**Student:** 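The structure under discussion is supplied below as structure tokens; questions concerning it will follow.
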Amino acid sequence: MNLVGGLNKEQQTAVSHRSGPLCVIAGAGSGKTRVITHRIANLIAHGVPPDAILGVTFTNRAAKEMQERVWVLTSGAGATLATFHGFCARLLRIEAEALGRRTDFTIYDSSDALDLVKSIVKDMNLDDDLASPWALAEFMSTKRNARPDEVPVWEGKRWPNADQDIAAFEKTYIRRLAESNAFDFDSLLTESVRMLETCPQVLARWQERLTHVLVDEFQDTNYPQYQLVKLLTAKSKNLCVTGDPDQSIYTWRGADPRNFDDFRRDYPSAVEVVLAQNYRSTNHILHCASAVMRTVAGRVPKNLWSELGDGEPVRIVRFTDDRDEASAVAQAVLEFEGDGFRRDQIAIMFRVNALSLPIERALLERGLRYRVLGGPEFFGRQEVKDLLGYLRLLANPLDAQALLRILNVPTRGIGDRTAESLATAARQQGRPLAELIAARAWPSTLTKRAQNSLNGFAALLDKLCDEAESAGPAAALDAVLSLTGYAEWWSGRSSRGHSQDPLRNIGQLLAFAREAEDAHKTDLRTFLEQTTLLTEREGSDQEKVTLLTVHSAKGLEYDAVILVGVEDDLIPHANARLSPGGLDEERRLLHVAMTRARKRLVLTVAGRRVRFGREQAALPSRFLRDLPSDAIESYGDDSPTYDFQEEEESKGSRLVRESSDDMDDPVLSVKPGTRVRHPDYGQGLVSRIRGRHLGLDASVTVNFADDSERTLILRYAKLTVIDESDHIAEVDF
DNA sequence: GCCGGGTGGGTTTTT
DNA sequence: CCCACCCGGC
């Protein structure tokens, strides 16, 4: 097979590069995946053993897709393609003993980790208003993902001895994790790195085993991830990184595009290739996507271009509220199909998961089938987590969090006090909780009643182990269900108040386990690993529209993309301004969303949106102003519809926030209801604004105190915004 | 110890 | 709105 045929010059350079460091800066849609898969195939064609090649991707979806493409290119010789977390789990399953750890560990997802944090906060008698478990979990994660010279400091609330308490908390967290024979997402990485750093034999073994490492989406790697691949390739130097700084959208979880700079510093002789030709989108789409990026600080300009022609203009459509938006979006799916778009080539994207609900309702009303990528998780549901808790305990009896979770589920008379004294006893004796239970070593302070309940539980666990200790996931789940009566317990409880039927989820979990066991011969431990490390479960489906967040859309492409909720406080998200560079990341996010579209791109805006159950006024995203007017087409009412009272309510805080840091736009601080002053006409109240986001000169209609109504061009009118607090903010138009 | 109802706050984004 | 948490009655 000719592996460089049909590739452009830069792509060929990257594909035929055989050894030594390589850096590929690949703009959106520039054929990056193609380059990686062809390069892997090319290495194999030149005699590199497939299992000596490791390709690290960002999502499991990407890993799977690349694996398939490599298979095709090499007629069945597959390299190892995995996510960082997946690879580390595999590495530790083999080598963890070098760290003094067991290889039959379980993996804690973020919510398991949060549970652990909560239980430590309780044990340490910390005030959880001050030491918020959520903030502590976040802090732990940030800290372990940070560069050594940029260790974060606690920015949460403070209390006397806060520093000591937090330090003690960190130590306890790490210890408890190890005692439970568990790794959380972060420690999978950091412990792998620590192992390679401290165990020369292990390092040597893997350096020999993996001669070529390729990293995809390098802009979204964090410090330990870069360390990991650097260690693995320290001898071979065959490290290839590909990515695009313009698509860096994960800095909030430690990703650091400065890894590109480090790579150049660490490998000064590296070959660097830039892919700028776009094979995906039409030029109108690309121009809009580039326009959004123009003001991003410290950016190396990269002009994407395409030979696919201008294509359709990007549509910007405004609706009065989110209901209108949702039904129009659902209607648009039908309309697009009429235009010849395949349903599985239409994606509806949103900044936050919450926006999918109204859309889903509208789709359901019309009987349009859809799938949600990621989303509020099946594996996060209580009933699913409970049952997996039992399975985890079977796979790893040391898993204290799993044990505590199911200790009284279904309820069996073991309350919090009993659980607590049991856990305390275990800690004091330095024995695992499971051991105490197996030995029926109840603290003598417990009542007879509690001890009876515990005896029952211990017997249940014994029976469960007998029946299911080395069973596959489905058989184990069957045993759990029949021995605990879990499903019956659920159906006995009042069924109202639960939006999604727990029994159905239980059935689905069982079906899932059965398929894993029967079709893929997955053992229990692997099954559990998949449920925590793998997020998607459905494959693509011709019959379905795809709903997904912009974050999970990374690396994907669709003929038509509808991005909903393109409003201030959503894109950019209200919280984005809290972190430095947050607004620029929001721009990159919008850029990523737009560049997913091949032929048709629609951005929708609602004037009112239900948030937290209350309807609130919304303004079009400030980013929309940057779109070139010759590449867009606007529909719908241009002036936002306001409920005047609500406007008054929210005005104060809005102005304060707006004036805080953002140079982005004075124009946005003027909206209907804003009080302004004009040097000639005096004070007035803005009633209407037109054209502000369309690359036109915005005009503003003001009712002045002398009862005159005037429409002025914002740019030329010498208007001054009058703040709530009567301070006068000078706004220079 | 169990459960259901009330209350208050809000976690953007994901491996 | 949806949840996590608290409280009071059983």
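Numbered from 1 within each chain, the chains take letters A, B, ... in sequence-line order. From a predicted model like this one, the values you see are computed outputs, not experimental measurements.
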**Student:** Does a side-chain N or O from A:T418 land closer than 4.0 Å to OP1 or OP2 of B:dG1, or not?
**Tutor:** yes
**Student:** Applying side-chain hydrogen bond (donor to acceptor under 3.5 Å, both in side chains), can you list everything that pairs with A:S552, at least two apart in sequence or on another chain?
**Tutor:** A:T549
**Student:** Closest to the A:R417 side chain: B:dC3, B:dT14, B:dG1?
**Tutor:** B:dG1
**Student:** Treating a pair as Watson-Crick (purine N1 to pyrimidine N3 plus N6-O4 or O6-N4) or G-U wobble (N1-O2 and O6-N3) with both distances under 3.5 Å, list the stems of 3 or more consecutive pairs that involve DNA chain B.
**Tutor:** B:1-10 with C:1-10
**Student:** Should the pair A:R253 and A:F185 be classed as cation-pi, given the thresholds of under 6.0 Å to the six-membered ring centre and 45° from the axis?
**Tutor:** no
**Student:** Check whether the aromatic ring of A:W252 stacks on the base of B:dT13, taking stacking as ring centres less than 5.5 Å apart and planes within 30° of each other.
**Tutor:** yes
**Student:** Of all residues at least two apart in sequence or in a different chain, which pass the salt bridge (Lys or Arg N to Asp or Glu O under 4.0 Å) check with A:E155?
**Tutor:** none
**Student:** Say you draw a straight line from OG1 of A:T595 to CZ of A:R588; how long is it, rounded to the nearest 0.5 Å?
**Tutor:** 13.0 Å
**Student:** Go nucleotide by nucleotide along DNA chain B from the 5' end; which of A:A450 and A:S579 gets its closest nucleotide reached first?
**Tutor:** A:A450
**Student:** Atom CD1 of A:I571 and atom P of B:dT13: how far apart are they, to the nearest Å?
**Tutor:** 13 Å
**Student:** For A:E488, give me all partners under salt bridge (Lys or Arg N to Asp or Glu O under 4.0 Å), at least two apart in sequence or on another chain.
**Tutor:** none
**Student:** Can a donor-acceptor pair be found, under 3.5 Å and without considering hydrogens, that links the side chain of A:Q67 to the backbone of A:A79?
**Tutor:** yes
**Student:** Give a yes/no answer on whether the side chain of A:N353 brings an N or O atom under 4.0 Å of OP1 or OP2 in B:dT13.
**Tutor:** yes
**Student:** Can you check B:dT11 for me, syn or anti if syn means within 90° of 0?
**Tutor:** syn
**Student:** So, is A:T532 near the phosphate of B:dT15, with a side-chain N or O under 4.0 Å from OP1 or OP2?
**Tutor:** no
**Student:** Considering only side-chain heavy atoms of A:S110, which listed nucleotide, B:dC2, B:dT15, B:dG1, is closest?
**Tutor:** B:dT15
**Student:** Rounded to the Å, how far apart are A:E138 CD and B:dT13 C1'?
**Tutor:** 11 Å
**Student:** Look at all strands and tell whether A:R412 reaches a base, only sugar-phosphate, or nothing, counting heavy atoms closer than 4.0 Å.
**Tutor:** sugar-phosphate
**Student:** Specify the separation, in whole Å, of atom CD of A:E585 and atom P of B:dT14.
**Tutor:** 13 Å
**Student:** Distance-only, no hydrogens or angles: does the A:S132 side chain make a donor-acceptor pair with backbone N or O of A:D129 under 3.5 Å?
**Tutor:** no
**Student:** Rounded to the nearest angstrom, tell me the gap between atom CH2 in A:W490 and atom P in B:dC3.
**Tutor:** 11 Å
**Student:** Mind checking A:F58 for me? I need base, sugar-phosphate or nothing, with any heavy atom below 4.0 Å counting as a touch.
**Tutor:** sugar-phosphate
**Student:** What I want to check is whether the side chains of A:Y226 and A:D256 have a donor and an acceptor closer together than 3.5 Å.
**Tutor:** no
**Student:** Nearest-Å distance, CZ (A:R381) to P (C:dC2)?
**Tutor:** 11 Å
**Student:** How would you list, by chain and number, every residue that makes a side-chain hydrogen bond (donor to acceptor under 3.5 Å, both in side chains) with A:T445, sequence neighbours excluded?
**Tutor:** none
**Student:** Any chance you could measure A:F105, atom CZ, to A:L99, atom CG, to the nearest 0.5 Å?
**Tutor:** 10.0 Å
**Student:** Which whole-number value in Å describes the distance from A:D186 CG to B:dT14 P?
**Tutor:** 16 Å
**Student:** More 5' along DNA chain B: A:G415 or A:H573, using each one's nearest nucleotide?
**Tutor:** A:G415
**Student:** For nucleotides 7-11 of chain B, print each protein N/O atom paired with a nucleotide N/O atom at under 3.5 Å, atom names and distance only.
**Tutor:**
from	atom 1	to	atom 2	distance (Å)
B:dT11	O2	A:W134	NE1	3.2
B:dT11	N3	A:W134	NE1	3.0

**Student:** Just the rounded figure in Å: distance from P of B:dT14 to CG of A:D112.
**Tutor:** 17 Å
**Student:** Quickly work out the A:N408 CG to B:dG1 C1' distance and round it to whole Å.
**Tutor:** 8 Å
